[in-house]
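Computed from heavy atoms alone, side chains included, the values below leave out hydrogens, waters and symmetry copies. Computed from a predicted model, the values in this text were never measured in an experiment.
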Amino acid sequence: MSQAVPNRAPELQSVFAGLPVESAAWFAVQTKPSHEKKVSLGLNEKGIHNFLPLHRENRQWSDRRQCIESPIFTHYVF
C-alpha cells in the first residue's frame with residue numbers, strides 16, 4: 001500500500017510519488033573540508049537529489065569585505 005509523503009514540499013512529493021514512505025530515506029554524506037558545494041554539484045550532475053543548507057555571512061579580509069554563502073552543517077551534504 002503506497003502512502004503520500006505528508007508535510008513535504010510539492011517537488012519532494014513528485015520525487016517520492018508511488019514509493020512507500022519507508023523507501024524515502026535521507027542519508028548524510030560526509031565530505032572533505034570545504035568541499036560541500038562541489039559534492040552537491042557532483043550529486044546533481046548524477047541526478048541524485050540532495051540538500052545543502054547555506055547561510056549568508058559577511059567576511060572581512062584585509063583589503064575587502066564580501067558576502068559569502070557557507071554551509072550550515074560543515075562537512076555534510078544530505
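A search for side-chain contact (heavy atoms from CB on, under 4.5 Å) contacts involving Ser70 returns His55, Glu57, not counting sequence neighbours. Residues passing the side-chain contact (heavy atoms from CB on, under 4.5 Å) test with Asn44, sequence neighbours excluded: Ser40, Asn50.
Applying the salt bridge (Lys or Arg N to Asp or Glu O under 4.0 Å) definition to pairs two or more places apart or across chains, none involves residues 32-51. For residues 58-78, the pairs satisfying ring pair (Phe, Tyr, Trp, His ring centres under 6.0 Å) are Phe73-Phe78, with sequence neighbours left out.
Smallest separation of non-hydrogen atoms from Val77 and Thr31: CG2-CG2, 4.0 Å.
Rounding to the nearest 0.5 angstrom, the gap separating the OG1 atom in Thr74 from the NE2 atom in His35 is 14.0 Å.
Using a 4.5 Å cut-off between side-chain heavy atoms of Ile, Leu, Val, Met, Phe, Trp and Tyr, with links allowed through other members, Phe51 and Leu41 fall into different hydrophobic clusters. Ile72 is not connected to Phe27 by any chain of hydrophobic side-chain contacts under 4.5 Å among Ile, Leu, Val, Met, Phe, Trp and Tyr, and they are in different clusters.
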With a 3.5 Å cut-off and sequence neighbours excluded, list the donor-acceptor pairs that the side chains of residues 62-69 form with protein atoms.
none

